[in-house]
Trainee: 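I have a structure here, written as structure tokens, and I will follow up with some questions on it.
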Amino acid sequence: MAKNLVIVESPAKAKTIKKFLGKDYEVIASYGHVRDLPKSKMGIDIDNDFEPQYITIRGKGDVLAALRKEVKKADKIYLATDPDREGEAISYHLAIALKLENKNFKRITFNEITKNAVKESIKNAREIDMSLVDAQQARRVLDRLVGYEISPLLWQKVKRGLSAGRVQSVALKMICDRENEINAFVPEEYWTLDTMLTCPGNKNAVAFHYTKDIKDKDEADAIMKSAGKSEFTVSDVKEGTRVRKAPLPFTTSTLQQDASSRLNYTTSKTMKIAQQLYEGVDIKGKGTVGLITYLRTDSVRISEEADKAAREFITANYGSEYVAEESRDGNKGKRIQDAHEAIRPTNIDIRPEDIKDSLPRDLFRLYQLIYNRFLASRMKPAVYKTVAVSVKAGEAVFKANTSVLSFEGFMKVYKADTEDKELKIKNIEALQKGTVLKFESFDAKQHFTQPPARYTEALLVRTMEENGIGRPSTYAPTISVILNRRYIIKEEKNLYVTELGEAVNGIMEKAFPVIIDTEFTANMESLLDKIGEGVIDWKVVVKNFYPDLDIAVKNAEKVLENVHIADEVTDTPCEECGRMMVIKYGPHGKFLACPGFPECKNTKPYLEKIGVQCPKCGKDLIVKKTKKGRRFYGCIDFPECDYMSWTKPTADKKSENN
């Protein structure tokens with residue numbers, strides 16, 4: 001039998017696929033990219049038509065050696081990297097690095113890692129799509145040009161170790177702009193006025209809300225004085241129904257937003273867990289199973305097969321009355337990644353509750369969210385019976401609304417993200433026009449308008465998507481970069497700009513306004529899409545972009561002033577000279593350094609205290625990490641005290657040992 005070799009990115013994906021293909025196929029992982037631009041230099045030959053200079057990624061030599069050994073034994077090779085631009089680029093670089101030009105090799109893609117999808121992809125094996133490769137190459141080159149041209153300028157004008165990025169700089173500007181809006185915001189006074197009225201048959205008074213805007217206390221007092229002299233008479237009763245539509249299935253952006261609001265997951269955590277669910281998880285009695293479809297997508301489209309299976313499942317488990325009459329799936333635009341489906345479970349019969357024991361808690365919660373959202377998207381809307389009652393007192397009109405859920409629809413499986421605010425008022429539906437209600441009291445309250453909300457990760461992702469900035473694969477990395485660079489910090493869920501972030505944004509706004517312009521960035525994304533569609537040559541886009549960047553950098557070197565950012569001072573004294581040490585940022589995170597450098601070169605690890613004392617010895621507990629990066633909590637006095645906990649201890653619960 002012919003020997004077939006399938007190359008994927010990850011061992012988990014290899015394990016899942018191997019199960020479907022049998023003994024005639026060898027499945028091996030490349031562990032992601034094998035070639036990239038060098039880190040030590042630009043790696044773009046600007047004078048030679050912007051030709052990229054790729055090298056083998058450090059540490060990938062052994063991986064490539066193992067792959068070459070398998071290639072020699074194979075009669076046919078399938079490159080099965082992820083079904084997007086980046087996956088296409090990885091396949092292209094694998095073909096170059098493994099010298100496959102004279103080999104029998106093909107590219108295969110699948111939106112879900114299931115037996116049918118994988119086998120079908122082999123039947124439809126194709127050539128590498130160079131338009132998709134060029135689109136990814138164009139993004140990489142543009143980002144490299146921006147980063148390697150502007151970052152040295154930031155080192156010169158602010159401090160070493162900073163970076164500028166084409167998309168990250170726009171995201172930073174958005175957060176800075178919001179901060180400026182908040183700082184410039186001037187609150188305006190307004191009042192609300194409720195009147196408490198007793199309806200016939202009710203024991204308790206009901207709040208009816210004044211229907212017009214009230215600007216100050218004098219106006220509120222005048223309304224109460226006038227209305228208080230009149231009877232409160234029902235002037236109108238309107239009965240009706242209100243429909244809450246079922247949600248669309250998840251895209252990358254909406255998954256990140258819902259996982260943030262419902263599960264409190266960061267965007268990077270959501271993508272990491274979703275990747276595991278896509279590549280495959282060991283399920284008791286089933287082996288390794290890919291539980292969801294591909295996680296980087298702009299599309300809400302669902303395949304006919306998956307749609308049919310979901311409708312049959314709903315009919316069997318909830319009744320035909322819950323099945324949606326027609327699909328609302330529609331595409332927002334012809335993007336490259338819109339070729340995929342929405343994010344959904346690969347098999348609707350694998351219920352979250354049935355595999356709960358096989359999944360770690362975080363994976364279970366995200367799978368449950370994706371599963372329920374997809375199921376809900378195939379169900380009918382929720383229906384409410386509504387009653388709106390208007391009451392007149394002289395010239396003043398007050399209203400009360402109530403609604404009762406009359407048909408759950410999709411809310412049977414997926415509760416709405418915002419609950420209805422209407423009061424459930426007893427006997428209000430029995431009121432008729434002309435009924436006089438008993439006045440009990442007025443309730444006037446002063447309010448002030450609020451500034452725009454600060455960005456959270458979820459809100460930033462949504463805004464970036466709405467403005468066409470970035471693509472599904474870029475949202476989480478973009479946010480991670482500006483957090484790791486300390487341009488922004490996160491408190492609770494809110495994102496705040498640091499002094500460093502303000503300085504970097506100030507330079508970008510002054511010297512490179514076009515690069516951080518949202519419209520320009522969105523237009524660049526459209527051009528990348530056109531490259532992926534084969535409409536535009538990628539080098540034309542780069543050639544048109546670079547001259548303006550080059551001129552802007554040269555001008556900035558002349559006109560920009562240096563910016564001094566003070567380091568954060570700690571309460572830890574330097575053992576060698578007595579100065580209070582400051583927090584610095586290195587390749588591996590925070591560390592403490594003496595501000596007397598270069599006279600005093602003392603440094604030491606930064607220990608992040610959590611404000612809780614060790615239950616064993618009473619000293620401070622600090623955040624630590626394992627060699628694999630998993631966070632845990634231990635005593636500052638280790639190794640004398642060996643206390644540790646995987647979960648964060650609190651002041652009133654200190655006994656969470658391993």
Trainee: Is it true that atom CZ of Arg58 has more than 12 heavy atoms of other residues, nucleotides or ligands lying nearer than 6.0 Å?
Mentor: no
Trainee: Taking atom types as modelled, find out whether Ser253 and Gln257 have a side-chain donor-acceptor pair closer than 3.5 angstrom.
Mentor: yes
Trainee: What's the verdict on side-chain contact (heavy atoms from CB on, under 4.5 Å) for Ser299 and Glu341, showing C-alpha distance, side-chain angles and the deciding distance?
Mentor: CA-CA 6 Å; Ser299 178; Glu341 289 186 60; 5.8 Å; no
Trainee: So with a 6.0 Å cut-off around CG of Asn124, is the heavy-atom count from everything else above 12?
Mentor: yes
Trainee: What's the separation between atom CG in Leu248 and atom CZ in Arg373, rounded to the nearest 0.5 Å?
Mentor: 7.0 Å
Trainee: Between Tyr92 and Glu88, is a side-chain contact (heavy atoms from CB on, under 4.5 Å) present by the stated rule, with each step listed?
Mentor: CA-CA 6 Å; Tyr92 167 75; Glu88 205 74 21; over 6 Å; no
Trainee: Is Glu533 salt-bridged to Lys530, going by a charged N under 4.0 Å from an acidic O?
Mentor: no
Trainee: Is any side-chain heavy atom of Val289 closer than 4.5 Å to a side-chain heavy atom of Lys286?
Mentor: yes
Trainee: Taking atom CD of Glu101 as the centre, report whether more than 12 heavy atoms of other residues, nucleotides or ligands fall under 6.0 Å from it.
Mentor: yes
Trainee: Under 3.5 Å, side chain of Asn48 to main-chain N/O of Glu51, donor-acceptor pair present?
Mentor: no
Trainee: CG/Asn523 to CG/Leu528 distance, rounded to the nearest 0.5 angstrom?
Mentor: 10.0 Å
Trainee: Hey, what do you get for CD (Gln53) to CD1 (Ile44), rounding to the nearest 0.5 Å?
Mentor: 7.5 Å
Trainee: Is any side-chain heavy atom of Tyr54 less than 4.5 Å from a side-chain heavy atom of Ile96?
Mentor: no
Trainee: Hey, are the side chains of Arg140 and Asp36 touching, using non-hydrogen atoms and a 4.5 Å cut-off?
Mentor: yes
Trainee: What I want to find out is whether Arg471 reaches Asp84 closely enough, with some N-O distance under 4.0 Å, to be called a salt bridge.
Mentor: no
Trainee: I'd like to check Thr114 versus Val118 (side-chain heavy atoms, cut-off strictly below 4.5 Å). Are they in contact?
Mentor: no
Trainee: In Å and rounded to the nearest 0.5 Å, what is the CG to CG distance from Asp134 to Asp537?
Mentor: 7.0 Å
Trainee: Look at Asp24 together with Lys3 and state whether they make a salt bridge at an N to O cut-off of under 4.0 Å.
Mentor: no
Trainee: Does Ile108 offer a backbone N or O that forms a donor-acceptor pair with the side chain of Ser121 under 3.5 Å?
Mentor: no
Trainee: Quick one: does Val553's side chain get under 4.5 Å of Phe512's, heavy atoms only?
Mentor: yes
Trainee: Mark yes or no for whether Arg166, through its side chain, and Thr521, through its backbone, hold a donor-acceptor pair below 3.5 Å.
Mentor: no
Trainee: Of Leu366, Leu291, Asp282, which is the lone residue that meets side chain to side chain contact (heavy atoms under 4.5 Å, CB included) with Leu359?
Mentor: Leu291
Trainee: Would you call Val170 and Val167 a side-chain contact if the rule is heavy atoms closer than 4.5 Å?
Mentor: no
Trainee: Any idea which heavy atoms bring Val146 and Phe545 closest together, and the distance?
Mentor: CG2-CZ, 3.6 Å
Trainee: Looking only at atom types and distance, does a side-chain atom of Thr478 sit under 3.5 Å from a main-chain N or O of Thr474, one as donor and one as acceptor?
Mentor: yes
Trainee: Can you confirm whether more than 12 heavy atoms, excluding those of Lys106, are under 6.0 Å from its NZ atom?
Mentor: yes
Trainee: So, Arg139 and Glu86, do they make that salt bridge, N to O below 4.0 Å?
Mentor: no
Trainee: Apply salt bridge (charged side-chain N to carboxylate O under 4.0 Å, His left out) to the pair Asp529 and Arg85, showing each step before the final yes or no.
Mentor: CA-CA 10 Å; Asp529 288 343; Arg85 291 175 187 162; 2.3 Å; yes
Trainee: For Glu149 and Ile46: C-alpha separation, side-chain torsions, deciding distance, then whether side-chain contact (heavy atoms from CB on, under 4.5 Å) applies.
Mentor: CA-CA 12 Å; Glu149 290 276 357; Ile46 295 170; 4.2 Å; yes
Trainee: State, to 0.1 Å, how close Asp354 and Asp349 come at their nearest heavy-atom pair, and which atoms those are.
Mentor: OD2-O, 4.5 Å
Trainee: Surrounding CD of Gln156 (heavy atoms of other residues, nucleotides or ligands, distance under 6.0 Å), is the total greater than 12?
Mentor: yes
Trainee: For a quick check under 3.5 Å, do Thr251 and Thr297 share a side-chain donor-acceptor pair by atom type?
Mentor: no
Trainee: Roughly how far, to the nearest 0.5 Å, is the CD1 atom of Ile113 from the OG1 atom of Thr288?
Mentor: 10.5 Å
Trainee: Work out which heavy atom in Ala164 is nearest to a heavy atom in Met508; give both atom names and the distance.
Mentor: CB-SD, 4.2 Å
Trainee: When you measure from the side chain of Thr81 to the backbone of Gly87, do you find a donor-acceptor pair of N or O atoms at a distance under 3.5 Å?
Mentor: yes
Trainee: Check this for me: does any side-chain nitrogen of one of Glu112 and Arg344 sit under 4.0 Å from a carboxylate oxygen of the other?
Mentor: yes
Trainee: Passes side-chain hydrogen bond (donor to acceptor under 3.5 Å, both in side chains), Tyr265 versus Asp362? Steps please.
Mentor: CA-CA 9 Å; Tyr265 289 178; Asp362 285 346; 3.2 Å; yes
Trainee: Can we say Glu457 and Lys493 salt-bridge, meaning some charged N sits less than 4.0 Å from an Asp/Glu carboxylate O?
Mentor: no
Trainee: Is a side-chain N or O of Thr456 found less than 3.5 angstrom from the main chain of Leu495, in a donor-acceptor match?
Mentor: no
Trainee: Report the C-alpha separation of Asp129 and Arg107 in whole Å, then their side-chain angles, then the decisive distance to 0.1 Å, and conclude whether the salt bridge (charged side-chain N to carboxylate O under 4.0 Å, His left out) test is met.
Mentor: CA-CA 9 Å; Asp129 187 333; Arg107 170 83 167 114; over 6 Å; no
Trainee: For a side-chain contact (heavy atoms from CB on, under 4.5 Å) check, start with the C-alpha distance between Glu9 and His33, then their side-chain angles and the critical distance, and finish with the verdict.
Mentor: CA-CA 8 Å; Glu9 300 102 311; His33 288 273; over 6 Å; no
Trainee: Kindly assign one of parallel, tilted or perpendicular to the pair Tyr546 and Phe50, based on the angle between their ring planes and the thresholds 30° and 60°.
Mentor: perpendicular
Trainee: Do Lys13 and Thr16 have side chains that get closer than 4.5 Å, going by heavy atoms?
Mentor: no
Trainee: Can a cation-pi geometry be assigned to Arg144 and Tyr148, taking NZ or CZ under 6.0 Å from the six-membered ring centre and within 45° of the ring axis?
Mentor: yes
Trainee: Between Tyr78 and Phe105, is the gap from one ring center to the other below 6.0 Å?
Mentor: no
Trainee: Which atoms form the tightest heavy-atom contact between Pro345 and Tyr367, and what is the distance?
Mentor: CB-OH, 3.9 Å
Trainee: Is it the case that the side chain of Trp155 and the backbone of Leu162 share a donor-acceptor pair, with hydrogens and angles ignored and the cut-off at 3.5 Å?
Mentor: yes
Trainee: Between Asp49 and Lys539, does any side-chain N to carboxylate O distance fall below 4.0 Å?
Mentor: yes
Trainee: Could you tell me whether Tyr294 and Tyr278 have their ring centroids closer than 6.0 angstrom?
Mentor: yes
Trainee: Using side-chain heavy atoms (C-beta onward) and a distance below 4.5 Å, is Ile150 in contact with Leu549?
Mentor: yes
Trainee: Please answer whether the main-chain N or O of Pro513 pairs with a side-chain N or O of Asp517 as donor and acceptor at a distance below 3.5 Å.
Mentor: no
Trainee: State, to 0.1 Å, how close Ala511 and Ala556 come at their nearest heavy-atom pair, and which atoms those are.
Mentor: CB-CB, 3.6 Å
Trainee: If we ignore hydrogens and angles and just use 3.5 Å, is the side chain of Asn484 paired with the main-chain N or O of Ser480 as donor and acceptor?
Mentor: yes
Trainee: Rounded at 0.5 Å granularity, tell me how far CG in Leu363 sits from CG in Leu277.
Mentor: 4.5 Å
Trainee: When you measure from the side chain of Lys18 to the backbone of Tyr25, do you find a donor-acceptor pair of N or O atoms at a distance under 3.5 Å?
Mentor: yes
Trainee: Kindly give the heavy-atom pair with the smallest separation between Asp298 and Pro472, and that separation in Å.
Mentor: OD1-CG, 2.9 Å
